[in-house]
Amino acid sequence: MYVVESKGGAIACMLLALFFLGTWPAILTLLERRGRLPQHTYLDYTITNLLAAVIIAFTFGEFGHTNDGKPNFLVQLSQNNWPSVLFAMAGGVVLSLGNLSTQYAWAFVGLSVTEVMTSSITVVIGTTLNYFLDDKINRAEILFPGVACFLIAVCLGSLVHASNAKDNQVKLNKLGDSHMGKKGSLSDGSNAKEGKDLENGTGKVEKAKAGTASFLIELEGRRAIKVFGKSTFIGLAICLFAGFCFSLFSPAFNLATNDQWHTLDDGVPHLSVYTAFFYFSCSCFVIAIILNITFLYRPAFNLPRSSIKAYLNDWDGRGWALLAGFLCGFGNGLQFMGGQAAGYAAADAVQALPLVSTFWGVLFFGEYRKSSRRTYILLIGMLSMFIVAVGVLMASAGHRKH
């Protein structure tokens with residue numbers, strides 16, 4: 001079994017996890033904006049998310065020789081370690097609920113704000129829990145100022161969303177009801193140009209410039225989740241729920257791998273990161289399958305009904321959804337590998353993923369284009385506070401004693 005033991009190796013795992021975990025939400029957002037039902041996308045995503053855990057378990061979990069103190073993955077499957085297994089599976093359940101919630105929050109408040117708010121809540125609650133579970137191996141005088149910075153980022157994220165929503169409403173009011181026409185069409189003929197629609201994956205179309213009212217109407221017409229006329233508080237409430245779920249999965253995984261509550265019988269070795277991650281991903285998979293199949297026939301937010309047959313025949317964007325599952329699965333696995341070495345509180349630095357998500361959101365989705373000066377100031381302040389918070393959190397990294 002391969003074990004990350006150095007602080008440098010742990011930080012390398014965190015940085016790679018940061019890129020993976022910041023990229024997969026952008027892919028799912030892209031598919032929703034193309035009009036693919038989120039239930040279809042999430043069912044594809046969850047398959048490869050589990051497959052990533054299986055690959056990690058049979059590679060890193062089986063490297064080298066096994067021994068009684070550090071058994072390999074297959075050996076642990078037959079051991080009496082069910083208390084720790086249940087903690088790992090509980091972590092998978094809350095992560096699945098959080099991920100399922102965010103795919104709807106992205107539509108309501110945008111990729112950037114969703115990721116900042118959920119990640120900040122995760123750090124404020126989850127990092128505090130992990131600090132005490134890890135027997136305070138992280139430096140509190142550095143760690144908790146970083147947590148405070150994340151809390152400030154949450155508040156700024158709410159203000160960014162409110163300001164951007166107000167900007168969008170002003171744009172729509174200027175366009176006027178007479179220019180709305182059929183939903184999703186460009187009837188005013190302004191700010192449009194001929195070009196290849198990269199987001200929609202089609203050929204030559206009339207495409208509005210990002211940030212204009214016509215762009216917002218065009219996007220509303222083709223996206224799967226319709227958000228016009230919906231309360232802005234819906235998206236913020238979903239973010240808060242998702243953030244609370246995310247804040248619990250890492251502490252649960254910590255308990256599964258380190259048995260701080262002494263639930264295992266004497267002589268039973270702790271779960272390895274790879275075994276815990278396998279059970280964690282299995283429960284995540286089961287919950288995702290159950291909920292998304294339910295949402296096929298009983299959709300939320302007025303989405304159209306679907307079916308298993310319609311899902312199986314929907315190949316538009318399936319490759320992207322499968323890629324997103326791999327990125328998330330390997331990202332989570334790397335986060336846990338780094339956390340086992342340097343402390344799970346410090347590993348929560350991967351919650352810097354909104355920096356990556358915001359980059360994709362601005363670059364590809366036109367988020368915050370042609371917004372007000374107030375929105376830009378708040379956005380810069382939010383991201384700056386976030387960068388400071390992540391740097392402080394990584395500086396608090398300790399070293400777990402074996």
Side-chain angles (χ1 to χ4, degrees), residues 1-2 17 20-21 24 28 39-63 66 70-103 126 242 245-259 263-264 268-296 308 311 321-340 344 347 350:
M1 177 177 64
Y2 175 76
F20 288 169
L21 294 176
W24 75 265
L28 265 59
Q39 306 98 303
H40 293 185
T41 297
Y42 203 81
L43 284 169
D44 289 333
Y45 151 90
T46 199
I47 293 170
T48 47
N49 188 56
L50 175 62
L51 184 57
V54 173
I55 292 172
I56 289 174
F58 279 99
T59 52
F60 293 113
E62 286 292 310
F63 280 161
T66 186
K70 293 181 179 180
N72 285 348
F73 167 67
L74 290 176
V75 174
Q76 285 207 309
L77 292 181
S78 61
Q79 293 179 336
N80 184 24
N81 45 31
W82 279 104
S84 293
V85 168
L86 292 176
F87 279 123
M89 297 180 73
V93 169
V94 291
L95 177 66
S96 186
L97 293 174
N99 283 341
L100 186 62
S101 301
T102 55
Q103 70 174 340
C245 290
F246 288 148
S247 69
L248 298 179
F249 83 83
S250 181
F253 195 92
N254 195 348
L255 286 167
T257 54
N258 295 299
D259 192 34
T263 56
L264 294 175
V268 177
H270 294 174
L271 282 186
S272 70
V273 170
Y274 313 110
T275 308
F277 187 48
F278 172 76
Y279 285 115
F280 174 95
S281 298
C282 285
S283 65
C284 191
F285 174 82
V286 170
I287 294 297
I289 292 294
I290 292 173
L291 291 179
N292 279 282
I293 289 179
T294 301
F295 287 156
L296 286 177
I308 296 292
Y311 158 69
L322 295 173
L323 173 62
F326 273 124
L327 290 174
C328 183
F330 284 117
N332 284 330
L334 289 166
Q335 176 188 354
F336 295 142
M337 289 166 65
Q340 189 63 18
Y344 285 96
V350 302

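When a residue number appears, it is its place in the shown sequence, counting from 1.
At distances below 3.5 Å, at least one donor-acceptor pair connects side-chain atoms of Asn49 with backbone N or O atoms of Gly329. Judged by distance alone, the side chain of Glu62 and the main-chain N or O of Asn72 form no donor-acceptor pair under 3.5 Å. No side-chain donor-acceptor contact under 3.5 Å links Gln335 to the backbone of Ala17. Distance alone, capped at 3.5 Å, is enough to place a donor-acceptor pair between the Gln76 side chain and the His270 backbone.
The heavy-atom pair separating Leu21 from Cys328 by the smallest distance is CD2-O, 3.8 Å. In plain terms, the two heavy atoms of Ser78 and Val75 that are nearest each other are OG-O, 3.1 Å. The two atoms that bring Ala288 and Thr46 nearest to each other are CB-OG1, 3.4 Å, heavy atoms only. Between Ala256 and Leu271, the closest heavy-atom pair is O-CB, 3.5 Å. Here the closest heavy-atom approach between residue Val94 and residue Gly91 is recorded as CG2-O, 3.2 Å. Scanning both residues, Ala276 and Ala88, for their nearest heavy atoms gives O-CB, 3.5 Å.
The aromatic ring centres of Phe277 and Phe336 sit less than 6.0 Å apart.
None of Phe280, Tyr274, Phe87 except one satisfies the ring-ring contact (aromatic ring centres under 6.0 Å, His included) rule with Phe253; the exception is Phe280.
No donor-acceptor contact under 3.5 angstrom links the side chains of Ser250 and Asn254, judged on distance only. Asn292 and Tyr311 share no side-chain donor-acceptor pair at under 3.5 Å.
For Thr257, the side-chain hydrogen bond (donor to acceptor under 3.5 Å, both in side chains) partners at least two apart in sequence or on another chain are Gln340, Tyr344.
Residues Leu100 and Ile287 are not in side-chain contact: their nearest non-hydrogen atoms beyond the backbone lie 4.5 Å or more apart. Counting heavy atoms from C-beta on, the side chains of Phe249 and Asn99 never come closer than 4.5 Å. At a threshold of 4.5 Å between non-hydrogen side-chain atoms, the residues Trp24 and Leu323 do not count as touching. Using a 4.5 Å heavy-atom cutoff, the side chains of Pro269 and Gln79 are in contact. Contact check for Leu291 versus Leu97: side-chain heavy atoms found under the 4.5 Å cut-off. Counting heavy atoms from C-beta outward, Ser281 and Phe285 have side chains that stay 4.5 Å or more apart. His40 is listed as a side-chain neighbour of Leu296, based on a closest heavy-atom distance under 4.5 Å.
Between atom CD1 of residue Ile293 and atom CG of residue Leu43 there is a gap of 6.0 Å, rounded to the nearest 0.5 Å. Atom CD1 of residue Ile289 and atom OG1 of residue Thr294 lie 10.5 Å apart, to the nearest 0.5 angstrom. If you take CE on Met89 and SG on Cys282, they are separated by 7.0 Å, rounding to the nearest 0.5 Å. Distance check: Leu322 CG to Leu51 CG gives 9.5 Å after rounding to the nearest 0.5 Å. Between the CD1 atom in Ile56 and the CG atom in Asn332 there is a gap of 8.5 Å [rounded to 0.5 Å]. The OH atom of Tyr45 sits 9.5 Å away from the CD atom of Gln103 when rounded to the nearest 0.5 Å.
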>> Quick one, Tyr42 with Ser96, criterion side-chain contact (heavy atoms from CB on, under 4.5 Å). Give me CA distance, side-chain angles, the key distance, then yes/no.
In response: CA-CA 10 Å; Tyr42 203 81; Ser96 186; 4.2 Å; yes

>> side-chain contact (heavy atoms from CB on, under 4.5 Å), that's the test. Do Phe246 and Leu95 meet it? Break it down for me.
In response: CA-CA 6 Å; Phe246 288 148; Leu95 177 66; 3.7 Å; yes

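The aromatic rings of Trp82 and Tyr279 sit tilted relative to each other, their planes meeting at an angle between 30° and 60°.
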